[in-house]
Amino acid sequence: MLAICIEVSHLKGSGHLFRGLRLYRALCESGVECAMILNGDASAIEILRAHKVRYHIVDLRELEEHDSLRALVERFAIRLWINDRLSTSIEHAHLLRLLQVGSVHIDDIGPGAEFCDVNIGGLFHQMPLKGRRVIQGVEYLILSPELERKRKWRTE
């Protein structure tokens, strides 16, 4: 299974939620079994329920504790973890490695990003990102089909 981990709050906004939802749908349509892992934001939960998304609520601080993360990985048989939280901790990144779970981060500028397998920077294409492999550029933005159709390339 593939996990998409996001953090949603009034302060952080819901951009990660909608990007994660778009990614979740695309992966499921391709036959990939997925689950969203997120903090307990009531608005986000309501949206995920409305879209019939498989999700699991966690205290995101527990993702930095070996036993908690291991239990989650074993419970869902997670083999690939996608972090879309902007700032992954070193502890979490090391634990994913220890548990032999592949990791893809999106626009991650946190200290744990340098330990991920892939860091995809659609937004931060001008900022140097860290990771074992870094892929950058606006072509890696995860947009809804509606926005994709309205996309207009500018030359200046």
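Quick caveat, the model's predicted, so the values are computed rather than measured.
In this structure, OG in Ser87 is found 6.5 Å from CD1 in Ile109, a value given to the nearest 0.5 Å. A distance of 10.0 Å separates CG in Asp59 from CD in Glu64, rounded to the nearest 0.5 Å. The CD atom of Glu46 sits 10.5 Å away from atom CG of Leu48, with the distance rounded to the nearest 0.5 Å. Here the OG1-CD distance, from Thr88 to Glu7, works out to 10.0 Å after rounding to the nearest 0.5 Å.
Using a 4.0 Å cut-off between a side-chain N of Lys or Arg and a carboxylate O of Asp or Glu, Asp117 and Arg133 do not qualify as a salt bridge. A salt bridge links Arg19 to Asp107: one of the charged nitrogens lies within less than 4.0 Å of a carboxylate oxygen.
Tracing side-chain contacts under 4.5 Å through hydrophobic residues (I, L, V, M, F, W, Y), one reaches Ile4 starting from Ile120; they form part of the same cluster. With hydrophobic clusters built from ILVMFWY side chains whose heavy atoms lie under 4.5 angstrom apart, Leu63 does not share a cluster with Leu2. Connection of Leu21 to Leu80 is established within a shared hydrophobic cluster, with ILVMFWY side chains joined at heavy-atom distances below 4.5 Å, either directly or through further cluster members. Hydrophobic clustering (side-chain heavy atoms under 4.5 Å, transitive across Ile, Leu, Val, Met, Phe, Trp, Tyr) groups Ile78 together with Val58. Ile6 and Leu60 are not part of a single hydrophobic cluster, where members link through side-chain heavy atoms under 4.5 Å apart.
Contact annotation: the side chain of Tyr24 never approaches that of His51 to less than 4.5 Å [non-hydrogen atoms, C-beta and beyond]. Taking the side chain as every heavy atom from C-beta outward, Asn83 and Val104 never approach each other to under 4.5 Å.
Checked against the 6.0 Å centroid threshold, His92 and Trp81 count as a close aromatic pair.
Although no hydrogens or angles enter the test, the distance criterion places a donor-acceptor pair under 3.5 Å between the side chain of Asp108 and the main chain of Gly110. Put simply, the side chain of Asn119 never gets that close to the backbone of Ala113: no donor and acceptor are under 3.5 Å apart.
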Quick one: do Val101 and Leu95 satisfy side-chain contact (heavy atoms from CB on, under 4.5 Å)? Show the steps, please.
CA-CA 9 Å; Val101 174; Leu95 286 175; over 6 Å; no
Can you list the steps and then say if Arg79 with Gln100 is a side-chain contact (heavy atoms from CB on, under 4.5 Å)?
CA-CA 8 Å; Arg79 296 291 159 244; Gln100 299 179 338; over 6 Å; no
Under the side-chain contact (heavy atoms from CB on, under 4.5 Å) rule, what do Phe115 and Arg132 come out as? Steps first, then yes or no, please.
CA-CA 7 Å; Phe115 303 103; Arg132 293 177 80 189; over 6 Å; no
Evaluation steps, side-chain hydrogen bond (donor to acceptor under 3.5 Å, both in side chains), between Arg85 and His105
CA-CA 8 Å; Arg85 297 187 294 149; His105 297 202; over 6 Å; no
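Applying the 6.0 Å contact sphere to CZ of Arg70 captures more than 12 heavy atoms from other residues, nucleotides or ligands. Glu74 CD: more than 12 foreign heavy atoms inside a 6.0 Å radius.
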Please tabulate, one pair per line, all N/O donor-acceptor pairs under 3.5 Å involving side-chain atoms of residues 32-44, not counting sequence neighbours.
residue, atom, partner, partner atom, Å
Glu33, OE2, Arg54, NH1, 2.9
Asn39, OD1, Val8, N, 2.9
Asn39, ND2, Val8, O, 2.6
Asp41, OD2, Ser43, N, 3.3
Asp41, OD2, Ala44, N, 2.9

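Contact detail for Ser103 and Cys116: the closest heavy-atom pair is OG-CA, 3.3 Å.
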